[in-house]
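First, the structure itself, so that you have it in front of you.
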Protein chains: 2
Amino acid sequence: MLEGMTTRNPRAAGLARLAGLIADETRAACLLALLDGRAWTAGELARHAGVAASTLSEHLGKLVAGGLLSEERQGRHRYVRLADATAAQLVEELAARVAPGTAVRRPRTLRESTAGSAMARGRTCYDHLAGRLGIAVTDAFTARGLLRRDTGFALTDAGLRWFDTAGIALDRRGRRPLVRACLDWTERRPHLAGAAGAALCRHALQARWCVRIGSERAVKVTDAGERALSELLGIAAEALR
Amino acid sequence: MLEGMTTRNPRAAGLARLAGLIADETRAACLLALLDGRAWTAGELARHAGVAASTLSEHLGKLVAGGLLSEERQGRHRYVRLADATAAQLVEELAARVAPGTAVRRPRTLRESTAGSAMARGRTCYDHLAGRLGIAVTDAFTARGLLRRDTGFALTDAGLRWFDTAGIALDRRGRRPLVRACLDWTERRPHLAGAAGAALCRHALQARWCVRIGSERAVKVTDAGERALSELLGIAAEALR
DNA sequence: CGATGACTTCGGCGGGCGCCGAAGTGTCCG
DNA sequence: CGGACACTTCGGCGCCCGCCGAAGTCATCG
């Protein structure tokens with residue numbers, strides 16, 4: 001509406017509109033939930049956010065129209081997920097900046113506490129590994145000279161070879177950067193993201209190095225995973241606990 | 001709603017609050033203006049945004065309280081600037097995502113047109129170089145093997161030596177990454193940012209490779225700058241026009 | 001010391017937006 | 001084919017928030 005009216009500053013208006021999509025607690029809760037990279041139904045998100053289905057439907061309409069989410073209708077369900085990796089990155093980075101102020105809330109119930117520590121131990125962050133697991137992998141990459149972090153954030157040639165010998169295919173076409181630093185909000189340090197991070201995570205789940213636990217995005221390293229990570233990256237099992 | 005009630009989801013609330021700081025056209029205009037990295041007075045920003053001084057004063061209060069801006073009082077002036085490089089990065093990344101939809105507006109006046117093309121040619125982006133100038137530098141770094149971009153975004157050892165021989169000191173202490181990719185919103189491609197990008201930009205201005213023009217953040221490459229960039233990085237003068 | 005100027009505080013106004021429940025549409029299943 | 005279910009549309013409500021101008025505070029300057 002009011003399309004005919006030219007705004008004084010279209011660039012600022014666009015920025016404000018985009019930020020406005022995230023500037024609502026209900027929508028923010030949805031975006032954070034969707035950071036697990038999976039598709040949620042409208043109803044699940046409504047329950048998660050604690051609002052009426054009708055309210056959430058309108059929120060989803062805005063997020064989709066704004067390009068942050070993409071939707072897929074299946075029968076009577078409306079599945080929705082983050083539109084792409086850049087949308088996830090945007091939410092991550094905003095969330096990472098928030099954490100220092102709000103991360104101090106203590107868990108109130110045992111259930112909350114164990115869920116929280118499981119998330120801190122290992123989880124997915126959109127399409128790559130995060131938590132202590134993600135950090136351990138990133139640190140191992142760095143220590144073994146596979147990832148150069150002192151002058152930026154890039155795989156080394158040895159790093160490329162590592163993926164090759166591990167049998168993990170890297171898609172190097174496409175616009176998506178091969179690696180990228182993503183700020184971990186429990187560890188407060190960057191971990192491995194980008195196409196390589198996604199490929200590694202995908203492989204880890206497929207090879208059952210780790211499995212999803214609970215309904216959230218927490219993951220647990222299996223015994224086979226401990227062996228593989230120790231063998232391929234020299235990660236001590238203690239670093240994953 | 002009941003007052004004093006703790007919010008249901010503090011993480012989402014924090015995210016929404018942070019985004020809310022940017023989700024206002026007037027505040028967004030201020031943040032974009034401040035992307036030049038300089039300190040502005042409250043009055044300048046009020047004039048720039050086209051609102052009353054009282055209105056803008058309240059906006060600045062929120063932005064400072066929210067940690068996006070830092071302020072410095074000098075006499076009867078209130079100088080305000082982006083709080084740090086991460087705040088600038090946040091605004092940049094949001095703005096970069098907006099651009100595709102809104103960048104199509106055509107300039108309406110000659111003044112606007114020349115100002116726009118000067119900005120597209122070269123400008124500062126917080127504390128580093130952007131526009132065609134920034135892209136040319138980044139491309140030259142990549143072509144000469146000083147910057148590795150195929151597997152991420154990091155300086156090579158040759159890149160470190162280049163800074164050394166050029167007499168540009170790099171501060172490698174501190175938490176700030178040495179290099180980082182920043183998405184250029186006129187070129188739609190990443191350019192060199194981070195501590196090294198800032199050092200290079202600082203040196204370029206000090207050595208008068210380029211000078212600020214106009215009141216905005218546009219910069220112009222001098223004759224000496226053309227020679228230096230050609231000599232040190234093999235950049236053809238045509239790439240800067 | 002009085003005038004000017006930059007900024008802040010306050011009261012009041014208006015619009016936008018998130019919320020809900022009720023009613024409507026489309027899909028699935030027994 | 002009818003009922004259950006997931007989602008959407010609509011009307012209405014209430015509050016939040018950005019806006020302004022007037023008045024107040026404080027620094028600077030003649």
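A, B, ... follow the sequence lines: proteins, then strands. Residue 1 opens every chain.
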Given C/dT8, is OP1 or OP2 found less than 4.0 Å from the side-chain N or O atoms of B/Arg78? yes
Among C/dG21, D/dC10, D/dC20, the nucleotide that comes nearest once only the side chain of A/Ser54 is considered: C/dG21
Donor-acceptor pair under 3.5 Å, A/Arg76 side chain vs D/dC5 base: yes
Just compare C/dT9, D/dT9, D/dC20 and give me whichever is closest to any side-chain atom of B/Ser57. C/dT9
Is A/Lys62 close enough to C/dC17 that one of its side-chain N or O atoms is under 4.0 Å from OP1 or OP2 there? no
Tell me: CD of A/Glu58 to P of C/dC19, nearest whole Å? 9 Å
Separation of D/dC17 atom C1' from B/Glu25 atom CD, nearest Å, is 15 Å
More than 12 heavy atoms of other residues, nucleotides or ligands under 6.0 Å from CZ of B/Arg208: yes or no? no
Write down the distance between CD (A/Gln74) and P (D/dC7), rounded to a whole number of angstrom. 12 Å
Looking at A/His59, I'd like to know whether one of its side-chain N or O atoms comes within less than 4.0 Å of OP1 or OP2 on C/dC19. yes
Choose from C/dC20, D/dG18, C/dG18 the nucleotide whose nearest atom is closest to any side-chain atom of A/Ala52. C/dC20
Between B/Asp36 and B/Arg212, the two heavy atoms sitting closest are O-NH2, 4.2 Å
Closest heavy-atom contact between A/Asn9 and B/Ala29? ND2-CB, 3.9 Å
Within this structure, what is the CG-to-C1' distance between B/Leu63 and C/dT8, rounded to whole angstrom? 16 Å
Once you round it to whole Å, what is the distance between C1' of C/dC17 and CG of A/Leu21? 13 Å
Going by an N to O cut-off under 4.0 Å, is there a salt bridge joining B/Glu92 and B/Arg180? yes
Phosphate contact (D/dC19 OP1 or OP2) by B/Thr26 side-chain N/O below 4.0 Å: yes
Considering just the side-chain nitrogens and oxygens of A/Arg73, establish if one lies under 4.0 Å of OP1 or OP2 belonging to C/dT27. no
Would you classify B/Ala53 as touching base, sugar-phosphate or nothing, given that sugar-phosphate means primed atoms plus P, OP1 and OP2, and contacts are heavy atoms under 4.0 Å? base
Need to verify one output field. Residue with the more 5' nearest nucleotide on DNA chain C, A/Asp24 or A/Gly75? A/Asp24
Hey, are B/Asp127 and B/Arg176 close enough for a salt bridge, meaning a charged N less than 4.0 Å from a carboxylate O? yes
Quickly work out the A/Leu56 CG to C/dC17 P distance and round it to whole Å. 18 Å
Under 3.5 Å donor-acceptor pair, B/Thr55 side-chain atoms to D/dG18 base atoms: no
Expressed as a whole number of angstroms, how long is the span from A/Leu45:CG to D/dC7:P? 9 Å
Write down the distance between CH2 (A/Trp40) and P (D/dC7), rounded to a whole number of angstrom. 13 Å
Shortest side-chain distance from A/Arg27, nucleotide among C/dG18, D/dA6, D/dA22: C/dG18
